[in-house]
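All remarks here apply to the structure that follows.
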There are 2 protein chains.
Amino acid sequence: MSEEKELEVAEEKNAEEIVDNQAVEEVEAEEVVELSEVDELKIKLDEMEDKFLRVSAEMANIVQRNRNERELLQRYRSQDLGKQLLPAIDNLERAMATEATDEQSLGLKKGVEMVLESLRFALKEEGIEEIPAKGEVFDPNIHQAVQTIPAGEDVPSDTVVEVLQKGYKLHDRVLRASMVIVAQ
Amino acid sequence: MSEEKELEVAEEKNAEEIVDNQAVEEVEAEEVVELSEVDELKIKLDEMEDKFLRVSAEMANIVQRNRNERELLQRYRSQDLGKQLLPAIDNLERAMATEATDEQSLGLKKGVEMVLESLRFALKEEGIEEIPAKGEVFDPNIHQAVQTIPAGEDVPSDTVVEVLQKGYKLHDRVLRASMVIVAQ
């Protein structure tokens, strides 16, 4: 091979190498782009799955919370109206305690008694009942002591000896504490 | 250029082309793999986004539905207890209508009147009110005709002339229709 030819071939080789390198670089660049798109998609997919799982868990929480709230609303729905009925029941009981000797009064009291029974029944249906007090151990959560008397043989200490005003509870909630006299 | 040289160059070119083609094919093959992974990821991402959007929309529906349910539960919470109080009110009103001349009866009636007022107030607080009836145009949705009388000059046709038992509604719901006499 002549020197000229050798040079030519060498140049050609060189040029080829440069072209090859460029091609390799292009391919590498493409791969980088392709890889990063895959990675990007994978990241996005992970994020989206994460969002999906979080919103699903949140929904499950909301459903459960709502079920509980509905149950509570249902369970204590008569709290306000029930509470407002208590003075009416007090007054009717007071009326029942008055003396009645003539026919008119006796008739009225009979009517009042029927009403009282129907009110008590209606309240019971809604879960509202009288708080046991007389003879019970004093419990500040359900009894309100307005007077004390000394404990003795018949009246053990910390016992409710008299109820001045009946207390009522709605299931486990106290609507009104019993006003009581306690032995101490 | 000599023929030999031309042939050499041509062969070299050919060889280059073959190599190039191989490279292209390799790149194309790689691209197919890469594209399908990208496509797969894109499909998965679309699906996941779709699931996320659907569960989000479902959650929004649930939240809205629960809000409505809670509002309804709250609005009509006193329906059952209120309904059960109506006969008590009827009876107290009946007691109020009886004759009372002596002191005992007058005292009892005064007590009954107070109770009636407190009951009516308690019901009103919960949205329970008497259905207007006497003098109103007869409406079968809220009035129950138990008797008819002929319409005349003073009593236009289709008018409620007398109420035999008061009706009550809780907001827009009829708890008990008014029992009425209608002119026809």
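Just the heavy atoms: all of them, side chains too, but no hydrogens, waters or symmetry mates, feed the values below. So that the names make sense, note that chain A is the first sequence line, chain B the second, and so on, each numbered from 1.
With chain A as the partner, the residue from B/Leu108, B/Leu123, B/Asn91 showing the most heavy-atom pairs under 4.5 Å is B/Leu108. Interface summary for chain B: among A/Ala100, A/Gly111, A/Gly107, A/Ala95, the most heavy-atom pairs under 4.5 angstrom belong to A/Ala100. In terms of heavy-atom pairs under 4.5 angstrom with chain A, the leader among B/Leu85, B/Leu116, B/Leu45 is B/Leu45. Chosen from A/Ile128, A/Thr98, A/Leu92, the residue pairing most often with chain B at heavy-atom distances under 4.5 Å is A/Leu92. Of the residues considered (B/Asp80, B/Val63, B/Asp90, B/Leu119), B/Asp80 shows the highest number of contacts with chain A, using heavy-atom pairs under 4.5 Å.
The heavy-atom pair separating B/Val55 from A/Ser56 by the smallest distance is CG2-OG, 3.9 Å.
Residue-environment remark: CG (B/Asp154) stays at or below the threshold of 12 foreign heavy atoms within 6.0 Å. A 6.0 Å sphere centred on CG of B/Asn61 holds more than 12 heavy atoms belonging to other residues, nucleotides or ligands. In A/Met96, the CE atom is crowded: over 12 heavy atoms of neighbouring residues, nucleotides or ligands sit closer than 6.0 Å. Residue-environment remark: CD (A/Glu103) stays at or below the threshold of 12 foreign heavy atoms within 6.0 Å.
Contacts between B/Gln104 and chain A at a heavy-atom distance below 4.5 Å involve backbone atoms as well as side-chain atoms. In this structure, the portions of A/Glu49 lying under 4.5 Å from any heavy atom of chain B include both its backbone and its side chain. Heavy atoms of B/Glu99 lying under 4.5 Å from chain A belong to its backbone as well as its side chain. The contact between B/Glu58 and chain A is made by backbone and side chain atoms together, counting heavy-atom distances below 4.5 Å. B/Leu81 touches chain A through backbone and side chain together, each having a heavy atom under 4.5 Å away. For a residue to count as touching a neighbouring chain, one of its non-hydrogen atoms must lie under 4.5 Å from one of that chain's; by this rule B/Met114 touches chain A with the side chain only. With a 4.5 Å cut-off on non-hydrogen atoms, B/Val112 touches chain A through its side chain but not through its backbone. Heavy-atom distances place the side chain of A/Leu73, and not its backbone, under 4.5 Å from chain B.
For the atom pair OG of A/Ser118 and CG of B/Leu86, the computed distance is 10.5 Å after rounding to the nearest 0.5 Å. Separation of atoms CD (B/Gln79) and OG (A/Ser78) is listed at 11.0 Å; rounding is to 0.5 Å. If you take CZ on B/Phe52 and NZ on A/Lys51, they are separated by 4.0 Å, rounding to the nearest 0.5 Å. We find the CG-CG distance between A/Asp102 and B/Asp102 to be 3.5 Å, quoted to the nearest 0.5 Å.
Grouping the Ile, Leu, Val, Met, Phe, Trp and Tyr side chains by contacts below 4.5 angstrom, directly or via other members, places A/Leu72 with A/Leu175. B/Ile89 and B/Leu164 fall into different hydrophobic clusters, defined by Ile, Leu, Val, Met, Phe, Trp and Tyr side-chain heavy atoms under 4.5 Å apart, directly or through other members. The cluster map of Ile, Leu, Val, Met, Phe, Trp and Tyr, joined by side-chain heavy atoms under 4.5 Å apart, puts A/Ile131 and A/Val146 in different clusters. Neither A/Val163 nor A/Ile149 shares a network with the other; the hydrophobic side chains, linked directly or stepwise wherever heavy atoms of I, L, V, M, F, W or Y lie under 4.5 Å apart, form separate groups for each. In the hydrophobic clustering of ILVMFWY residues, with side-chain heavy atoms under 4.5 Å counting as a link, B/Val161 and B/Val180 come out apart.
Residues B/Ser105 and A/Ser105 are in side-chain contact: their nearest non-hydrogen atoms beyond the backbone lie under 4.5 Å apart. Looking only at side-chain heavy atoms (C-beta outward), A/Val115 and B/Val115 stay at 4.5 Å or farther from each other. Between B/Arg77 and A/Tyr76 there is no side-chain heavy-atom pair separated by less than 4.5 Å.
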Apply the test side-chain contact (heavy atoms from CB on, under 4.5 Å) to residues A/Leu41 and B/Glu40: give CA-CA distance (whole Å), side-chain angles for both, the deciding distance (0.1 Å), then the verdict.
CA-CA 10 Å; A/Leu41 282 168; B/Glu40 234 171 62; over 6 Å; no
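The only member of B/Arg65, B/Glu69, B/Arg70 that meets side chain to side chain donor-acceptor pair (under 3.5 Å) when paired with A/Asn66 is B/Arg70.
Of the charged side-chain nitrogens involved, at least one lies within less than 4.0 Å of a carboxylate oxygen, so that A/Glu37 and B/Lys42 count as a salt-bridged pair.
With sequence neighbours excluded, the residues forming a salt bridge (charged side-chain N to carboxylate O under 4.0 Å, His left out) with A/Glu93 are A/Arg120, A/Lys166, listed by chain and number.
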